[in-house]
Amino acid sequence: NAGVTQTPKFQVLKTGQSMTLQCAQDMNHNSMYWYRQDPGMGLRLIYYSASEGTTDKGEVPNGYNVSRLNKREFSLRLESAAPSQTSVYFCASTERGGSYGYTFGSGTRLTVV
Amino acid sequence: DQQVKQNSPSLSVQEGRISILNCDYTNSMFDYFLWYKKYPAEGPTFLISISSIKDKNEDGRFTVFLNKSAKHLSLHIVPSQPGDSAVYFCAAPDRGSNDMRFGAGTRLTVKP
C-alpha cells in the first residue's frame, strides 16, 4: 500500500545511546518532515526537507540530525539519547509544502531510560 | 508559543448527537486550516480543511466553520458515530517558517 513507512515501531534506549529512525515514502513526494508528539503539546517539527538534497531545522531540532538520503528516504538520528527525547516520532510527506495535507507514518514510540 | 490552541483535552458525546471540537489561533497570517484525525498506534490522517476566504466547508458528516474575526474554528460531526472516537488535531501552515502548527489535540469519545 502506498504511504509512509517508519521503522522501528518501538524502541527503548539507554541514556547516551544512539539510534536512527528510518522513514520512506513511495508517493514521489518532494517534502518530508519529522515531528515529535508529547502529551499536551501537539506535534512539533524537528526537521524538514523541502526537496531532495535540502534539510532545515524546525521548532525543536536540538539533539537530532537528519539525512535526506534520496527522494524516498528521510532519516532522523539521535547521537546521544536523553530522557527528554522520550516521545512518539512521526514522519510525514507531502507533494508540496504548506496548505496540502500531510501523509503521516504510523509513528515510532521511543523511550529513553 | 502555541499559535494553535485546542483548550479541551477531551470530549464525550452520545452516538447520534453532534460533536463540536474547537480550535483558536493567534497568528492572523494563517490563511488555511486543517483538521487531522488520529487513532491509537496510527499516524494522523487528514480529515477536512478550510481556506481563510471561506467561513464554512462541508464534507459528509463533517463541517468546519471559520470565524476570522474571533480567530476561531470548529469542527462539527453530525451524527457522531463510535468509529469517530479518536484524537482530533487542528493545524495551520505557517508560511514564514515552512512549518505546520498543530494544536495539542482533543480526544473525542462517542458512546454507543
Side-chain angles (χ1 to χ4, degrees), chain A residues 1-10 21 23-25 27 29-51 54-61 87-110, chain B residues 1-10 21-27 29-54 57 59 62 64 66 86-107:
Chain A
N1 290 338
V4 178
T5 303
Q6 288 184 238
T7 55
K9 293 191 182 299
F10 301 94
L21 282 66
C23 175
Q25 51 90 10
M27 296 168 287
H29 285 171
N30 287 311
S31 301
M32 298 185 73
Y33 306 81
W34 276 105
Y35 283 88
R36 60 179 288 174
Q37 184 196 2
D38 301 295
M41 299 290 289
L43 285 82
R44 292 182 294 166
L45 182 64
I46 305 170
Y47 270 93
Y48 68 96
S49 172
S51 61
T54 68
T55 61
D56 285 286
K57 295 178 181 180
E59 182 183 356
V60 288
S87 187
V88 181
Y89 292 84
F90 290 101
C91 178
S93 71
T94 186
E95 183 170 345
R96 288 172 281 178
S99 306
Y100 299 89
Y102 293 177
T103 301
F104 283 89
S106 59
T108 296
R109 184 173 293 275
L110 175 68
Chain B
D1 175 25
Q2 276 205 297
Q3 300 183 41
V4 178
K5 300 179 183 180
Q6 293 176 259
N7 294 320
S8 298
S10 63
L21 294 90
N22 293 304
C23 177
D24 297 294
Y25 62 96
T26 58
N27 189 338
M29 298 300 291
F30 287 155
D31 59 2
Y32 202 85
F33 302 90
L34 305 93
W35 284 93
Y36 286 85
K37 178 179 180 179
K38 184 185 177 307
Y39 292 117
E42 295 183 11
T45 55
F46 170 72
L47 182 61
I48 192 170
S49 62
I50 188 167
S51 166
S52 62
I53 63 173
K54 296 184 176 181
N57 188 28
D59 184 1
F62 302 90
V64 56
L66 175 62
V87 177
Y88 290 79
F89 292 97
C90 174
D94 183 342
R95 309 291 182 192
S97 66
N98 200 27
D99 189 2
M100 182 81 73
R101 302 290 183 181
F102 286 86
T106 297
R107 181 177 302 278

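Each chain gets a letter, A, B and so on, in the order the sequences are listed, and its residues count up from 1.
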Practice prompt. Supply the atom-to-atom distance A/Phe104 CZ to B/Lys38 NZ, rounded to the nearest 0.5 angstrom.
Written response: 10.5 Å
Worksheet entry | Pick from B/Cys90, B/Gly43, B/Ser51, B/Gly103 with the largest number of heavy-atom pairs that fall under 4.5 Å of chain A | B/Gly43
Worksheet item: Between the side chain of A/Tyr102 and the main-chain N/O of B/Pro44, is any donor-acceptor distance below 3.5 Å?
Response: no
Worksheet item: Take atom CZ in A/Arg44; do more than 12 heavy atoms of anything else shown fall under 6.0 Å from it?
Response: yes
Discussion item. Please classify the contact of A/Gln37 with chain B as side chain, backbone, both or neither, using a heavy-atom distance under 4.5 Å.
Written reply: side chain
Worksheet, complete the sentence: Between the CG atom in B/Asp99 and the CG atom in A/Asp56, the distance rounded to the nearest 0.5 Å is 11.5 Å
Item to complete: Give a yes or no on whether B/Lys5 atom NZ has more than 12 heavy-atom contacts from other residues, nucleotides or ligands under 6.0 Å away.
Response: no
Worksheet entry | Heavy-atom check, side chain of A/Tyr33 versus side chain of B/Met100, under 4.5 Å | no
